[in-house]
**Student:** 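What follows is a structure written as C-alpha coordinates; I'll ask about it next.
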Amino acid sequence: MVGVEISDLSISFPLYHGDARTFRKGAGKGVSGRFGRDGRRRVVVEALKDINFSLKPGDRLGLIGHNGAGKTTLLRAMAGIYEPVKGRVRVHGRIGTLLDTSLGMNPELSGRENIRIRCQLYGLSKQETSDVEEDVEEFADLGPFMDLPMKSFSSGMSMRIAFGLATAIMPQVLLMDEWIMTGDAWFLGRAKKRLAGLVEQSDILVLSSHNEVILSEWCTRLIWMDQGQVIMDGSTDEVLTAYQQRSASKETPSEN
Amino acid sequence: MPAHSSSMTTEPLLDLQPETGLGHLRNAARDIVEGLGLLRLALTLGWLDIRLRYRGSLLGPFWLTISTAVMVGSMGVLYATLFHINVRTYLPFLSFSLVLWGWLNMVITDGCEAFSGVAGMIHAVRMPYMVHALRLAIRSFLIFLHSVPVIIAVFLLLDVMPHFTWGACFGWLLLLTDTVAFSLLFGVLGARIRDMAPIAASIMQILFFVTPIIWRPELIYLGRQYMLLDPFYPLIEIVRAPLMGDVVRDTVWLMAVFYSGLLWIISFLLFARMRSRLAYWV
(Lines give C-alpha, C1' and ligand atoms only; values in the text may rest on other atoms or scores of the structure.)
Protein backbone atom coordinates (compact mmCIF):
# COMPACT_ATOMS: atom_id res chain seq x y z
CA MET A 1 0.00 0.00 0.00
CA VAL A 2 1.15 3.49 -0.78
CA GLY A 3 2.29 5.31 2.32
CA VAL A 4 4.84 7.54 3.97
CA GLU A 5 6.33 7.01 7.40
CA ILE A 6 8.75 9.44 8.96
CA SER A 7 10.09 8.52 12.38
CA ASP A 8 12.48 10.54 14.56
CA LEU A 9 13.92 12.13 11.47
CA SER A 10 16.74 14.57 12.08
CA ILE A 11 18.84 16.21 9.42
CA SER A 12 21.78 18.48 10.02
CA PHE A 13 24.22 20.18 7.71
CA PRO A 14 27.85 20.33 8.70
CA LEU A 15 29.47 23.76 8.38
CA TYR A 16 32.71 23.16 6.60
CA HIS A 17 33.43 26.37 4.83
CA GLY A 18 33.72 30.02 5.64
CA ASP A 19 32.44 31.14 8.98
CA ALA A 20 32.41 27.82 10.80
CA ARG A 21 34.88 29.16 13.37
CA THR A 22 32.76 32.16 14.18
CA PHE A 23 29.82 29.89 14.86
CA ARG A 24 31.85 27.47 16.91
CA LYS A 25 32.04 29.92 19.82
CA GLY A 26 28.33 30.57 19.85
CA ALA A 27 27.47 26.92 19.52
CA GLY A 28 29.71 26.07 22.42
CA LYS A 29 27.81 28.39 24.70
CA GLY A 30 24.53 27.06 23.36
CA VAL A 31 23.44 30.55 22.41
CA SER A 32 22.26 30.10 18.87
CA GLY A 33 19.31 27.72 18.77
CA ARG A 34 19.88 25.94 15.51
CA PHE A 35 23.58 25.32 15.74
CA GLY A 36 24.76 22.22 17.45
CA ARG A 37 27.55 19.70 17.39
CA ASP A 38 27.49 16.23 16.00
CA GLY A 39 29.20 13.11 17.34
CA ARG A 40 32.53 14.22 15.95
CA ARG A 41 32.19 17.70 17.49
CA ARG A 42 31.69 19.39 14.16
CA VAL A 43 29.49 22.46 14.11
CA VAL A 44 26.24 21.64 12.36
CA VAL A 45 23.06 23.46 11.44
CA GLU A 46 20.12 21.44 12.61
CA ALA A 47 17.71 21.66 9.71
CA LEU A 48 15.22 19.10 10.99
CA LYS A 49 14.82 17.80 14.51
CA ASP A 50 12.87 14.69 15.52
CA ILE A 51 10.14 14.79 12.93
CA ASN A 52 7.41 12.16 13.22
CA PHE A 53 4.38 11.63 11.06
CA SER A 54 2.85 9.18 8.65
CA LEU A 55 0.63 9.53 5.60
CA LYS A 56 -1.86 7.14 4.14
CA PRO A 57 -3.39 6.94 0.66
CA GLY A 58 -5.51 9.96 -0.20
CA ASP A 59 -3.74 12.29 2.20
CA ARG A 60 -3.00 15.76 0.98
CA LEU A 61 -0.53 17.24 3.38
CA GLY A 62 0.47 20.90 3.45
CA LEU A 63 3.65 22.16 5.09
CA ILE A 64 3.40 25.68 6.42
CA GLY A 65 6.02 27.82 8.11
CA HIS A 66 8.35 30.73 7.62
CA ASN A 67 11.30 30.77 5.29
CA GLY A 68 13.98 28.49 6.66
CA ALA A 69 11.59 26.48 8.80
CA GLY A 70 12.82 23.26 7.16
CA LYS A 71 10.00 22.65 4.68
CA THR A 72 12.17 22.12 1.63
CA THR A 73 14.65 20.00 3.57
CA LEU A 74 11.80 17.80 4.75
CA LEU A 75 10.55 17.39 1.19
CA ARG A 76 14.05 16.50 0.02
CA ALA A 77 14.41 14.00 2.83
CA MET A 78 11.12 12.39 1.81
CA ALA A 79 12.36 12.22 -1.76
CA GLY A 80 15.45 10.34 -0.59
CA ILE A 81 17.80 13.11 -1.64
CA TYR A 82 19.06 13.93 1.84
CA GLU A 83 19.48 10.62 3.64
CA PRO A 84 18.63 10.78 7.35
CA VAL A 85 21.30 11.69 9.84
CA LYS A 86 19.07 10.19 12.51
CA GLY A 87 15.75 8.36 12.34
CA ARG A 88 14.08 6.70 9.42
CA VAL A 89 12.26 7.61 6.22
CA ARG A 90 10.03 5.06 4.56
CA VAL A 91 8.14 5.81 1.38
CA HIS A 92 6.05 3.16 -0.34
CA GLY A 93 5.29 4.09 -3.89
CA ARG A 94 6.67 5.85 -6.87
CA ILE A 95 7.91 9.31 -5.88
CA GLY A 96 7.41 12.37 -8.03
CA THR A 97 9.40 15.46 -7.11
CA LEU A 98 8.85 19.12 -7.95
CA LEU A 99 11.45 20.64 -5.67
CA ASP A 100 13.94 22.77 -7.48
CA THR A 101 12.89 25.50 -9.87
CA SER A 102 15.21 23.98 -12.41
CA LEU A 103 13.97 20.46 -11.52
CA GLY A 104 17.34 19.14 -12.45
CA MET A 105 16.54 19.94 -16.03
CA ASN A 106 19.28 21.16 -18.26
CA PRO A 107 18.46 24.69 -19.49
CA GLU A 108 20.56 24.18 -22.60
CA LEU A 109 18.41 21.28 -23.73
CA SER A 110 14.97 21.52 -25.25
CA GLY A 111 11.86 20.66 -23.32
CA ARG A 112 11.48 17.46 -25.29
CA GLU A 113 15.06 16.33 -24.61
CA ASN A 114 14.61 16.97 -20.90
CA ILE A 115 11.44 14.91 -20.91
CA ARG A 116 13.23 12.01 -22.60
CA ILE A 117 16.03 12.11 -20.04
CA ARG A 118 13.56 11.91 -17.18
CA CYS A 119 11.74 9.02 -18.84
CA GLN A 120 15.02 7.14 -19.20
CA LEU A 121 15.67 7.65 -15.51
CA TYR A 122 12.38 5.96 -14.73
CA GLY A 123 13.18 3.20 -17.17
CA LEU A 124 10.22 3.78 -19.49
CA SER A 125 10.01 2.05 -22.85
CA LYS A 126 9.96 3.93 -26.15
CA GLN A 127 6.18 3.70 -26.36
CA GLU A 128 5.70 4.92 -22.79
CA THR A 129 8.15 7.75 -23.39
CA SER A 130 6.28 8.98 -26.40
CA ASP A 131 3.02 8.75 -24.42
CA VAL A 132 4.52 10.88 -21.67
CA GLU A 133 5.91 13.29 -24.23
CA GLU A 134 2.52 13.71 -25.84
CA ASP A 135 0.83 14.10 -22.49
CA VAL A 136 3.23 16.79 -21.28
CA GLU A 137 3.05 18.57 -24.61
CA GLU A 138 -0.72 18.73 -24.34
CA PHE A 139 -0.67 19.93 -20.75
CA ALA A 140 2.10 22.50 -21.15
CA ASP A 141 0.59 23.80 -24.37
CA LEU A 142 3.83 25.38 -25.52
CA GLY A 143 3.55 24.62 -29.22
CA PRO A 144 6.85 25.02 -31.05
CA PHE A 145 8.68 26.02 -27.86
CA MET A 146 8.91 22.32 -26.95
CA ASP A 147 11.88 21.99 -29.27
CA LEU A 148 13.74 25.10 -28.14
CA PRO A 149 16.37 25.21 -25.39
CA MET A 150 14.65 25.68 -22.05
CA LYS A 151 16.77 28.71 -21.22
CA SER A 152 14.66 30.61 -23.73
CA PHE A 153 11.52 29.80 -21.71
CA SER A 154 9.85 32.12 -19.27
CA SER A 155 9.76 30.75 -15.74
CA GLY A 156 6.06 30.06 -16.19
CA MET A 157 6.74 27.98 -19.27
CA SER A 158 9.38 25.81 -17.63
CA MET A 159 7.02 25.41 -14.71
CA ARG A 160 4.34 24.06 -17.01
CA ILE A 161 6.74 21.50 -18.47
CA ALA A 162 8.03 20.55 -15.03
CA PHE A 163 4.60 20.10 -13.55
CA GLY A 164 3.30 18.25 -16.57
CA LEU A 165 6.28 15.93 -16.52
CA ALA A 166 6.21 15.22 -12.79
CA THR A 167 2.55 14.32 -12.97
CA ALA A 168 2.74 12.44 -16.28
CA ILE A 169 5.05 9.76 -14.95
CA MET A 170 2.30 8.82 -12.52
CA PRO A 171 3.81 9.39 -9.12
CA GLN A 172 2.06 7.78 -6.20
CA VAL A 173 3.66 10.20 -3.81
CA LEU A 174 3.99 13.70 -5.22
CA LEU A 175 6.24 16.16 -3.39
CA MET A 176 5.91 19.81 -4.38
CA ASP A 177 7.74 22.87 -3.16
CA GLU A 178 6.07 26.25 -2.94
CA TRP A 179 7.53 27.81 -6.07
CA ILE A 180 5.17 25.76 -8.20
CA MET A 181 2.31 27.78 -6.71
CA THR A 182 3.59 31.00 -8.20
CA GLY A 183 1.88 30.24 -11.48
CA ASP A 184 -0.95 32.36 -12.83
CA ALA A 185 -4.63 31.55 -12.34
CA TRP A 186 -4.81 29.74 -15.66
CA PHE A 187 -1.96 27.45 -14.68
CA LEU A 188 -3.23 26.84 -11.16
CA GLY A 189 -6.65 25.90 -12.46
CA ARG A 190 -5.24 23.35 -14.86
CA ALA A 191 -2.76 22.06 -12.32
CA LYS A 192 -5.49 21.53 -9.77
CA LYS A 193 -7.61 19.61 -12.24
CA ARG A 194 -4.71 17.38 -13.12
CA LEU A 195 -3.83 16.75 -9.50
CA ALA A 196 -7.42 15.92 -8.66
CA GLY A 197 -7.10 12.93 -10.98
CA LEU A 198 -3.99 11.79 -9.16
CA VAL A 199 -5.39 12.18 -5.67
CA GLU A 200 -8.56 10.34 -6.61
CA GLN A 201 -6.45 7.29 -7.30
CA SER A 202 -5.67 7.36 -3.60
CA ASP A 203 -2.23 8.79 -3.95
CA ILE A 204 -0.40 11.12 -1.63
CA LEU A 205 0.39 14.78 -2.13
CA VAL A 206 2.75 16.82 0.00
CA LEU A 207 2.87 20.51 -0.69
CA SER A 208 4.86 23.25 0.99
CA SER A 209 3.70 26.82 0.79
CA HIS A 210 3.09 29.98 2.77
CA ASN A 211 0.13 30.82 0.66
CA GLU A 212 -2.77 30.18 3.02
CA VAL A 213 -5.39 30.31 0.29
CA ILE A 214 -3.75 27.56 -1.70
CA LEU A 215 -3.13 25.42 1.33
CA SER A 216 -6.73 25.60 2.50
CA GLU A 217 -7.93 24.82 -1.00
CA TRP A 218 -5.60 21.92 -1.78
CA CYS A 219 -4.81 20.21 1.50
CA THR A 220 -6.69 18.09 4.01
CA ARG A 221 -4.03 18.19 6.67
CA LEU A 222 -1.38 20.70 7.68
CA ILE A 223 1.92 20.48 9.48
CA TRP A 224 3.21 23.75 10.85
CA MET A 225 6.96 23.86 11.04
CA ASP A 226 9.31 26.26 12.76
CA GLN A 227 13.05 26.02 13.43
CA GLY A 228 13.14 22.53 11.96
CA GLN A 229 10.53 21.18 14.32
CA VAL A 230 6.85 20.36 14.06
CA ILE A 231 4.84 22.97 15.97
CA MET A 232 1.43 21.65 15.14
CA ASP A 233 -0.08 18.82 13.12
CA GLY A 234 -3.80 18.75 12.41
CA SER A 235 -6.64 19.52 10.07
CA THR A 236 -6.20 22.42 7.69
CA ASP A 237 -8.60 24.80 9.44
CA GLU A 238 -7.26 24.11 12.90
CA VAL A 239 -3.63 24.70 12.00
CA LEU A 240 -4.33 27.68 9.78
CA THR A 241 -6.23 29.46 12.55
CA ALA A 242 -3.41 28.91 15.03
CA TYR A 243 -0.82 29.95 12.47
CA GLN A 244 -2.67 33.16 11.67
CA GLN A 245 -3.02 34.00 15.35
CA ARG A 246 0.70 33.54 15.91
CA SER A 247 1.59 35.60 12.85
CA ALA A 248 -0.71 38.38 13.97
CA SER A 249 0.65 38.43 17.52
CA LYS A 250 4.22 38.52 16.22
CA GLU A 251 3.46 41.72 14.41
CA THR A 252 2.54 43.59 17.60
CA PRO A 253 5.43 45.66 18.94
CA SER A 254 5.17 44.24 22.45
CA GLU A 255 6.52 40.90 21.19
CA ASN A 256 9.70 42.54 20.01
CA MET B 1 -4.56 11.73 -19.23
CA PRO B 2 -1.33 10.63 -17.63
CA ALA B 3 0.16 7.53 -19.16
CA HIS B 4 -0.38 4.20 -17.46
CA SER B 5 1.77 1.18 -17.76
CA SER B 6 2.22 -2.15 -16.12
CA SER B 7 5.78 -1.38 -15.13
CA MET B 8 4.53 1.53 -13.06
CA THR B 9 1.97 -0.28 -10.96
CA THR B 10 4.51 -1.89 -8.65
CA GLU B 11 5.21 0.10 -5.54
CA PRO B 12 8.88 0.68 -4.98
CA LEU B 13 9.93 1.06 -1.37
CA LEU B 14 12.35 3.71 -0.27
CA ASP B 15 13.64 2.88 3.18
CA LEU B 16 16.40 5.12 4.49
CA GLN B 17 18.18 5.07 7.81
CA PRO B 18 21.63 6.18 8.90
CA GLU B 19 24.09 3.59 7.61
CA THR B 20 26.23 1.50 9.87
CA GLY B 21 29.14 -0.81 9.12
CA LEU B 22 28.27 -3.09 6.25
CA GLY B 23 25.25 -0.96 5.39
CA HIS B 24 27.63 1.51 3.75
CA LEU B 25 29.03 -1.17 1.47
CA ARG B 26 25.66 -2.72 0.69
CA ASN B 27 24.08 0.58 -0.27
CA ALA B 28 27.09 1.63 -2.32
CA ALA B 29 27.02 -1.68 -4.18
CA ARG B 30 23.31 -1.22 -4.84
CA ASP B 31 23.96 2.30 -6.09
CA ILE B 32 26.58 1.01 -8.52
CA VAL B 33 24.41 -1.84 -9.77
CA GLU B 34 21.40 0.45 -10.25
CA GLY B 35 23.64 2.96 -11.98
CA LEU B 36 24.86 0.32 -14.40
CA GLY B 37 21.22 -0.53 -15.06
CA LEU B 38 20.76 3.06 -16.18
CA LEU B 39 23.60 2.86 -18.68
CA ARG B 40 21.34 4.08 -21.44
CA LEU B 41 20.60 7.24 -19.45
CA ALA B 42 24.31 7.79 -18.79
CA LEU B 43 25.01 7.37 -22.50
CA THR B 44 22.34 9.92 -23.41
CA LEU B 45 23.63 12.40 -20.83
CA GLY B 46 27.25 11.95 -21.89
CA TRP B 47 26.38 12.32 -25.54
CA LEU B 48 24.24 15.42 -24.92
CA ASP B 49 27.12 16.97 -22.92
CA ILE B 50 29.25 16.80 -26.02
CA ARG B 51 26.58 18.05 -28.34
CA LEU B 52 25.89 20.99 -26.04
CA ARG B 53 29.52 21.91 -25.63
CA TYR B 54 29.78 22.47 -29.35
CA ARG B 55 26.34 23.79 -30.15
CA GLY B 56 26.77 26.85 -32.34
CA SER B 57 30.46 26.17 -32.94
CA LEU B 58 31.58 26.01 -36.55
CA LEU B 59 33.85 22.97 -36.41
CA GLY B 60 32.39 21.67 -33.19
CA PRO B 61 34.28 18.79 -31.64
CA PHE B 62 36.78 18.80 -34.47
CA TRP B 63 38.51 21.79 -32.95
CA LEU B 64 39.88 19.20 -30.60
CA THR B 65 41.11 17.05 -33.45
CA ILE B 66 42.82 20.03 -35.02
CA SER B 67 44.50 21.18 -31.82
CA THR B 68 45.71 17.64 -31.15
CA ALA B 69 47.06 17.43 -34.67
CA VAL B 70 48.91 20.73 -34.30
CA MET B 71 50.38 19.70 -30.97
CA VAL B 72 51.48 16.27 -32.19
CA GLY B 73 52.93 17.72 -35.37
CA SER B 74 54.92 20.49 -33.74
CA MET B 75 56.09 18.55 -30.69
CA GLY B 76 56.93 15.51 -32.76
CA VAL B 77 59.13 17.33 -35.22
CA LEU B 78 60.73 19.51 -32.54
CA TYR B 79 61.67 16.69 -30.16
CA ALA B 80 62.71 14.37 -32.95
CA THR B 81 65.17 17.06 -34.09
CA LEU B 82 66.31 18.02 -30.60
CA PHE B 83 66.98 14.48 -29.46
CA HIS B 84 68.00 13.10 -32.85
CA ILE B 85 65.26 10.50 -32.94
CA ASN B 86 63.86 8.95 -36.07
CA VAL B 87 60.54 10.68 -36.81
CA ARG B 88 59.11 7.52 -38.26
CA THR B 89 59.36 5.66 -34.98
CA TYR B 90 58.89 8.61 -32.67
CA LEU B 91 55.84 10.32 -34.12
CA PRO B 92 53.45 7.32 -33.92
CA PHE B 93 54.57 6.77 -30.34
CA LEU B 94 54.14 10.42 -29.41
CA SER B 95 50.76 10.88 -31.08
CA PHE B 96 49.30 7.87 -29.33
CA SER B 97 50.81 8.76 -25.95
CA LEU B 98 49.62 12.36 -26.04
CA VAL B 99 46.08 11.47 -27.00
CA LEU B 100 45.86 8.74 -24.39
CA TRP B 101 47.27 11.03 -21.71
CA GLY B 102 44.81 13.74 -22.71
CA TRP B 103 42.02 11.28 -22.04
CA LEU B 104 43.25 10.15 -18.61
CA ASN B 105 44.02 13.73 -17.64
CA MET B 106 40.51 14.81 -18.59
CA VAL B 107 38.89 11.97 -16.63
CA ILE B 108 40.71 13.06 -13.50
CA THR B 109 40.46 16.84 -13.74
CA ASP B 110 36.83 16.80 -14.93
CA GLY B 111 36.18 13.98 -12.48
CA CYS B 112 36.49 16.45 -9.61
CA GLU B 113 33.21 17.89 -10.83
CA ALA B 114 31.48 14.59 -11.52
CA PHE B 115 29.07 15.28 -8.64
CA SER B 116 29.53 18.94 -7.74
CA GLY B 117 28.93 19.89 -11.36
CA VAL B 118 25.48 18.29 -11.37
CA ALA B 119 24.26 19.63 -8.02
CA GLY B 120 20.99 20.72 -9.65
CA MET B 121 20.21 17.19 -10.73
CA ILE B 122 21.26 15.66 -7.41
CA HIS B 123 19.02 18.04 -5.48
CA ALA B 124 16.05 17.58 -7.79
CA VAL B 125 15.55 13.84 -7.85
CA ARG B 126 17.01 10.73 -6.24
CA MET B 127 19.15 8.84 -8.69
CA PRO B 128 22.14 6.50 -8.35
CA TYR B 129 25.38 8.49 -8.07
CA MET B 130 26.94 5.93 -10.35
CA VAL B 131 24.99 7.48 -13.24
CA HIS B 132 26.97 10.71 -12.86
CA ALA B 133 30.28 8.86 -12.72
CA LEU B 134 29.37 6.82 -15.80
CA ARG B 135 28.24 9.95 -17.61
CA LEU B 136 31.62 11.54 -17.02
CA ALA B 137 33.55 8.44 -18.08
CA ILE B 138 31.44 8.16 -21.23
CA ARG B 139 31.81 11.83 -22.08
CA SER B 140 35.58 11.67 -21.65
CA PHE B 141 35.81 8.57 -23.81
CA LEU B 142 33.75 10.19 -26.58
CA ILE B 143 36.01 13.26 -26.51
CA PHE B 144 39.02 10.95 -26.62
CA LEU B 145 37.60 9.32 -29.75
CA HIS B 146 37.64 12.72 -31.46
CA SER B 147 41.42 12.72 -31.32
CA VAL B 148 41.85 9.19 -32.60
CA PRO B 149 41.81 10.33 -36.28
CA VAL B 150 45.08 12.15 -35.57
CA ILE B 151 46.73 8.87 -34.55
CA ILE B 152 45.34 7.13 -37.60
CA ALA B 153 46.57 9.93 -39.84
CA VAL B 154 50.08 9.75 -38.38
CA PHE B 155 50.24 6.00 -38.91
CA LEU B 156 48.97 6.36 -42.47
CA LEU B 157 51.25 9.25 -43.40
CA LEU B 158 54.36 7.53 -42.10
CA ASP B 159 53.19 4.21 -43.50
CA VAL B 160 53.52 2.47 -40.14
CA MET B 161 51.44 -0.61 -39.50
CA PRO B 162 49.74 -0.74 -36.08
CA HIS B 163 49.86 -4.11 -34.35
CA PHE B 164 47.03 -6.03 -32.77
CA THR B 165 47.02 -8.48 -29.88
CA TRP B 166 44.26 -9.88 -27.70
CA GLY B 167 46.19 -8.69 -24.69
CA ALA B 168 45.64 -5.14 -25.88
CA CYS B 169 41.87 -5.70 -25.83
CA PHE B 170 42.08 -6.70 -22.20
CA GLY B 171 44.24 -3.64 -21.59
CA TRP B 172 41.61 -1.34 -23.09
CA LEU B 173 38.89 -2.96 -21.04
CA LEU B 174 40.93 -2.48 -17.88
CA LEU B 175 41.61 1.14 -18.74
CA LEU B 176 37.94 1.83 -19.46
CA THR B 177 36.78 0.44 -16.13
CA ASP B 178 39.55 2.42 -14.46
CA THR B 179 38.18 5.66 -15.86
CA VAL B 180 34.86 4.88 -14.14
CA ALA B 181 36.69 4.26 -10.86
CA PHE B 182 38.63 7.50 -11.32
CA SER B 183 35.45 9.51 -11.82
CA LEU B 184 33.89 7.97 -8.71
CA LEU B 185 36.99 8.62 -6.64
CA PHE B 186 37.64 12.17 -7.79
CA GLY B 187 33.94 12.93 -7.88
CA VAL B 188 33.71 12.24 -4.14
CA LEU B 189 36.95 14.07 -3.38
CA GLY B 190 35.94 17.04 -5.51
CA ALA B 191 32.54 17.27 -3.85
CA ARG B 192 34.08 17.54 -0.38
CA ILE B 193 37.36 19.33 -1.13
CA ARG B 194 36.81 22.39 -3.25
CA ASP B 195 40.53 22.68 -4.02
CA MET B 196 40.66 19.19 -5.46
CA ALA B 197 40.50 20.27 -9.11
CA PRO B 198 43.61 22.52 -9.01
CA ILE B 199 45.44 19.98 -6.83
CA ALA B 200 44.64 17.20 -9.29
CA ALA B 201 45.64 19.38 -12.24
CA SER B 202 49.06 20.16 -10.81
CA ILE B 203 49.74 16.55 -9.83
CA MET B 204 48.80 15.47 -13.34
CA GLN B 205 51.14 18.11 -14.74
CA ILE B 206 54.06 16.60 -12.82
CA LEU B 207 53.06 13.07 -13.80
CA PHE B 208 52.97 14.13 -17.43
CA PHE B 209 56.73 14.68 -17.36
CA VAL B 210 57.60 11.81 -15.04
CA THR B 211 55.60 9.20 -16.95
CA PRO B 212 57.04 8.02 -20.27
CA ILE B 213 54.73 9.96 -22.56
CA ILE B 214 56.94 12.27 -24.57
CA TRP B 215 59.96 10.03 -23.98
CA ARG B 216 60.24 6.34 -24.64
CA PRO B 217 60.37 4.03 -21.61
CA GLU B 218 63.32 2.17 -23.20
CA LEU B 219 65.46 5.22 -22.46
CA ILE B 220 65.63 4.07 -18.86
CA TYR B 221 67.05 0.64 -18.33
CA LEU B 222 68.93 0.72 -15.04
CA GLY B 223 66.36 1.10 -12.30
CA ARG B 224 63.45 0.71 -14.69
CA GLN B 225 61.53 -1.09 -11.95
CA TYR B 226 61.16 2.27 -10.19
CA MET B 227 59.13 3.52 -13.13
CA LEU B 228 56.45 1.08 -12.03
CA LEU B 229 55.86 3.17 -8.93
CA ASP B 230 54.03 5.60 -11.20
CA PRO B 231 50.63 3.95 -11.67
CA PHE B 232 50.11 5.63 -15.03
CA TYR B 233 53.13 4.00 -16.62
CA PRO B 234 51.84 0.40 -16.55
CA LEU B 235 48.29 1.54 -17.31
CA ILE B 236 49.43 3.32 -20.46
CA GLU B 237 51.99 0.72 -21.42
CA ILE B 238 49.50 -2.17 -21.57
CA VAL B 239 47.66 -0.52 -24.47
CA ARG B 240 50.56 1.36 -26.06
CA ALA B 241 53.24 -1.32 -26.33
CA PRO B 242 51.01 -3.88 -28.12
CA LEU B 243 49.97 -1.23 -30.65
CA MET B 244 53.60 -0.31 -31.36
CA GLY B 245 54.50 -3.98 -31.72
CA ASP B 246 56.50 -4.10 -28.50
CA VAL B 247 56.18 -6.80 -25.88
CA VAL B 248 54.62 -5.94 -22.54
CA ARG B 249 56.74 -7.26 -19.70
CA ASP B 250 54.95 -9.48 -17.22
CA THR B 251 55.77 -7.17 -14.34
CA VAL B 252 54.11 -4.32 -16.22
CA TRP B 253 50.95 -6.35 -16.69
CA LEU B 254 51.01 -7.40 -13.08
CA MET B 255 51.37 -3.83 -11.87
CA ALA B 256 48.61 -2.61 -14.20
CA VAL B 257 46.19 -5.16 -12.78
CA PHE B 258 47.40 -4.43 -9.25
CA TYR B 259 46.92 -0.67 -9.61
CA SER B 260 43.48 -1.13 -11.18
CA GLY B 261 42.40 -3.37 -8.33
CA LEU B 262 43.77 -0.95 -5.78
CA LEU B 263 42.08 1.97 -7.50
CA TRP B 264 38.72 0.19 -7.45
CA ILE B 265 39.07 -0.81 -3.81
CA ILE B 266 39.95 2.72 -2.71
CA SER B 267 37.25 4.28 -4.90
CA PHE B 268 34.61 1.87 -3.69
CA LEU B 269 35.45 2.22 -0.02
CA LEU B 270 35.55 6.01 -0.18
CA PHE B 271 32.34 6.10 -2.19
CA ALA B 272 30.65 3.71 0.25
CA ARG B 273 31.67 5.83 3.21
CA MET B 274 30.64 9.14 1.67
CA ARG B 275 27.75 8.29 -0.66
CA SER B 276 24.95 9.30 1.69
CA ARG B 277 26.70 12.62 2.42
CA LEU B 278 27.20 13.68 -1.19
CA ALA B 279 23.85 15.45 -1.46
CA TYR B 280 24.77 17.51 1.61
CA TRP B 281 28.06 18.61 0.09
CA VAL B 282 27.31 19.52 -3.48
Side-chain angles (χ1 to χ4, degrees), chain A residues 1-3 11-14 16-17 76-100 102-106 108-109 113 116-118 120-125 127-132 134-135 139 149 167-170 172-173 194 197-198, chain B residues 1-19 23-24 27 31 34-35 37-45 47-49 51-53 55-56 118-128 131-132 135 191-195 274-282:
Chain A
M1 196 176 72
V2 176
I11 287 211
S12 55
F13 290 87
Y16 290 119
H17 305 293
R76 287 214 175 120
M78 292 169 76
I81 294 164
Y82 292 141
E83 299 198 4
V85 172
K86 195 181 129 254
R88 190 171 189 181
V89 173
R90 260 181 301 181
V91 180
H92 263 283
R94 199 183 174 78
I95 302 173
T97 47
L98 276 163
L99 303 179
D100 241 286
S102 68
L103 280 148
M105 292 196 187
N106 189 333
E108 304 284 335
L109 294 176
E113 285 167 322
R116 285 191 191 143
I117 287 178
R118 194 54 68 97
Q120 282 193 355
L121 172 64
Y122 287 106
L124 302 194
S125 68
Q127 179 58 42
E128 288 164 339
T129 303
S130 70
D131 286 351
V132 167
E134 216 170 278
D135 181 37
F139 174 80
T167 43
I169 39 189
M170 287 300 292
Q172 291 160 315
V173 178
R194 196 168 160 101
L198 278 179
Chain B
M1 264 315 286
H4 283 268
S5 98
S6 54
S7 67
M8 296 184 208
T9 49
T10 49
E11 288 166 16
L13 170 67
L14 180 72
D15 188 350
L16 298 173
Q17 295 180 76
E19 297 170 339
H24 286 294
N27 290 344
D31 185 291
E34 282 176 1
L38 289 167
L39 188 66
R40 205 165 62 97
L41 173 67
L43 275 168
T44 312
L45 290 170
W47 174 244
L48 286 172
D49 279 343
R51 247 189 50 202
L52 283 179
R53 191 175 284 192
R55 194 171 263 183
V118 291
M121 238 176 157
I122 289 175
H123 284 160
V125 63
R126 183 182 171 83
M127 125 173 26
V131 171
H132 306 300
R135 168 196 196 164
R192 174 66 185 84
I193 307 165
R194 289 291 138 144
D195 298 322
M274 299 305 177
R275 187 196 54 82
S276 62
R277 303 299 298 162
L278 285 172
Y280 290 83
W281 291 344
V282 295

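Only heavy atoms go into these numbers, but all of them, side chains included; no hydrogens, no water, no symmetry mates. Just so it is clear: chains get the letters A, B, ... in the order the sequence lines come, proteins before strands, and each one is counted from 1.
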**Student:** Does atom CD (A/Glu134) have a neighbourhood of more than 12 heavy atoms from anything else shown, all under 6.0 Å?
**Tutor:**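 No, not enclosed.
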**Student:** Salt bridge (charged side-chain N to carboxylate O under 4.0 Å, His left out) for B/Arg277 and A/Glu83? Distances and angles first, verdict last.
**Tutor:** CA-CA 8 Å; B/Arg277 303 299 298 162; A/Glu83 299 198 4; over 6 Å; no
**Student:** B/His123 side chain to B/Ala279 main-chain N or O, any donor-acceptor pair under 3.5 Å?
**Tutor:**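 Here the side-chain-to-backbone pair exists.
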**Student:** Would you mind checking which part of A/Arg88 comes under 4.5 Å of any heavy atom in chain B, side chain (CB onward), backbone (N, CA, C, O), both or neither?
**Tutor:**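 Both parts, backbone and side chain.
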**Student:** Measuring heavy-atom distances to chain A, does B/Leu16 have an atom under 4.5 Å in its side chain, in its backbone, in both, or in neither?
**Tutor:**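 B/Leu16 touches chain A through backbone and side-chain heavy atoms alike.
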**Student:** Is the side chain of A/Thr97 donor-acceptor paired with the backbone N or O of B/Ala124 at a distance under 3.5 Å, no angle test?
**Tutor:**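 Answer holds: yes.
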**Student:** If you tally heavy-atom pairs under 4.5 Å against chain B, which of A/Gln120, A/Met78, A/Glu108 wins?
**Tutor:**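 Looking at each option in turn, the highest pair count goes to A/Gln120.
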**Student:** Is A/Glu113 in contact with chain B via its backbone, its side chain, both, or neither, using a 4.5 Å heavy-atom distance?
**Tutor:**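 For A/Glu113, side-chain heavy atoms alone lie under 4.5 Å from chain B.
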**Student:** Can any side-chain N or O of A/Arg90 pair as donor or acceptor with the backbone N or O of A/Gly3 at less than 3.5 Å?
**Tutor:**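 The answer is no, because no donor-acceptor pair under 3.5 Å joins these two groups.
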**Student:** Please classify the contact of B/Leu38 with chain A as side chain, backbone, both or neither, using a heavy-atom distance under 4.5 Å.
**Tutor:**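 Contact with chain A: side chain only.
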**Student:** Which one of A/Pro149, A/Ala79, A/Ser125 has the most heavy-atom pairs closer than 4.5 Å to chain B?
**Tutor:**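 Result: the option with the highest number of such pairs is A/Ala79.
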**Student:** Does some side-chain heavy atom of B/Asp15 sit less than 4.5 Å from a side-chain heavy atom of A/His92?
**Tutor:**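 In short, these two side chains do not touch, never coming nearer than 4.5 Å.
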**Student:** If I measure from the heavy atoms of chain A, does B/Leu278 come under 4.5 Å with its side chain, its backbone, both, or neither?
**Tutor:**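 Neither part; nothing is under 4.5 Å.
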